[in-house]
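These notes concern the structure reproduced below.
Bear in mind that the values here come from a model prediction, so they are computed numbers and not experimental data.
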Amino acid sequence: SSPADKTREYRLTRCGRELGPVIQYMATWGLRWARRRICDEDIDIGGFMWDFHRTLQIDELPDGETVMFVKLLDVQSFESWWLVASDGTVDLCTDDPGKDVDLYVTSSSSTLVEIWMGDVSVKAALDSSDLMLTGSSHLIRSAASWFPRSSMSDIRPERLMD
């Protein structure tokens with residue numbers, strides 16, 4: 001076996017782990033005091049969709065497999081994504097996995113980011129038609145409970161006083 005065949009696993013040292021609370025505090029501070037609206041050109045769609053799929057609230061989905069097709073209206077490449085939730089895991093695909101789709105999610109990337117960050121509720125996005133859900137009526141009715149959310153979506157910006 002060659003060195004190229006060996007895989008490496010990265011683990012933080014104790015020193016690195018001790019920085020965790022500092023990083024968390026800085027992220028909270030930034031979202032509270034230095035937050036600005038994310039512009040469309042600021043969104044790395046691949047990175048965002050990775051976080052989006054990781055934060056799908058799978059405990060709120062029905063038992064068995066759930067397949068969602070996400071269509072981004074404002075993206076030129078990588079506008080189509082599939083999320084396949086099953087057995088406590090979620091796979092993210094850019095190629096059609098060939099499975100029956102339970103729910104079609106249609107939106108702009110900026111609307112998905114706003115919902116994910118807690119700036120806009122799922123209900124408000126649906127009411128304004130900025131978010132469209134088509135398919136399983138159960139998934140549509142329960143969208144607010146399973147929709148992906150950032151772990152920092154509850155941090156609200158503070159207003160600076162003059």
When rounded to the nearest 0.5 Å, the distance separating OG of S108 from NZ of K71 is 13.0 Å
Using side-chain contact (heavy atoms from CB on, under 4.5 Å), reason through I140 and L103 one step at a time and then give a plain yes or no. CA-CA 8 Å; I140 293 169; L103 187 72; 3.7 Å; yes
Is there side-chain contact between L72 and T106, with at least one heavy-atom pair below 4.5 Å? no
Would you say W146's side chain and L139's backbone share a donor-acceptor pair under 3.5 angstrom? yes
Please report the interatomic distance CG(D102) to CG(L83), rounded to the nearest 0.5 Å. 11.5 Å
Please examine the side chains of W82 and V101, heavy atoms only from C-beta on, and report whether any two atoms are closer than 4.5 Å. yes
Min side-chain heavy-atom separation V90-V84 under 4.5 Å: no
Give me the atom names and distance for the closest heavy-atom approach of W81 to T94. CZ3-CG2, 3.3 Å
Carefully, step by step, assess V67 and E65 under the rule side-chain contact (heavy atoms from CB on, under 4.5 Å). CA-CA 7 Å; V67 179; E65 185 175 77; 3.9 Å; yes
Any side-chain heavy atom of V70 within less than 4.5 Å of one from M49? yes
Hey, could you give me the CZ/OG distance between F48 and S110, rounded to the nearest 0.5 Å? 10.0 Å
Taking NZ in K123 as the centre, count heavy atoms belonging to other residues, nucleotides or ligands within less than 6.0 Å. Is the count above 12? no
Checking the side chain of S142 only, and the main-chain atoms of S145 only, is there a donor and an acceptor separated by less than 3.5 Å? no
Atom of I58, atom of T89 and distance for their closest heavy-atom approach: CD1-N, 4.1 Å
Quick one, W116 and T55 - any side-chain contact, counting heavy atoms below 4.5 Å? yes
Between R149 and A144, what is the shortest heavy-atom contact and its length? NH1-O, 3.2 Å
Short side-chain to backbone donor-acceptor contact, Q76 and D74, under 3.5 Å: no
So do L133 and L126 actually touch side chain to side chain, heavy atoms under 4.5 Å? yes
I'd like to know whether CG of D96 has more than 12 heavy-atom contacts from other residues, nucleotides or ligands below 6.0 angstrom. yes
What one should report as the nearest heavy-atom pair of A125 and T111 is CB-CG2, 4.2 Å
Using the rule given for ring pair (Phe, Tyr, Trp, His ring centres under 6.0 Å), can you reason through F147 versus F52, listing the C-alpha separation, both sets of side-chain angles and the distance that settles it, and then say yes or no? CA-CA 9 Å; F147 210 87; F52 187 80; 5.7 Å; yes
Under 6.0 Å from the CG atom of D63, do we count more than 12 heavy atoms belonging to anything else shown? no
Which atom of A85 lies closest to which atom of L61, heavy atoms considered: CB-CD1, 3.6 Å
Donor-acceptor pair, S107 side chain versus D130 backbone, under 3.5 Å? yes
Side chains of P62 and H138: closer than 4.5 Å at any heavy-atom pair? yes
Any I115 side-chain heavy atom under 4.5 Å of L131 side chain: yes
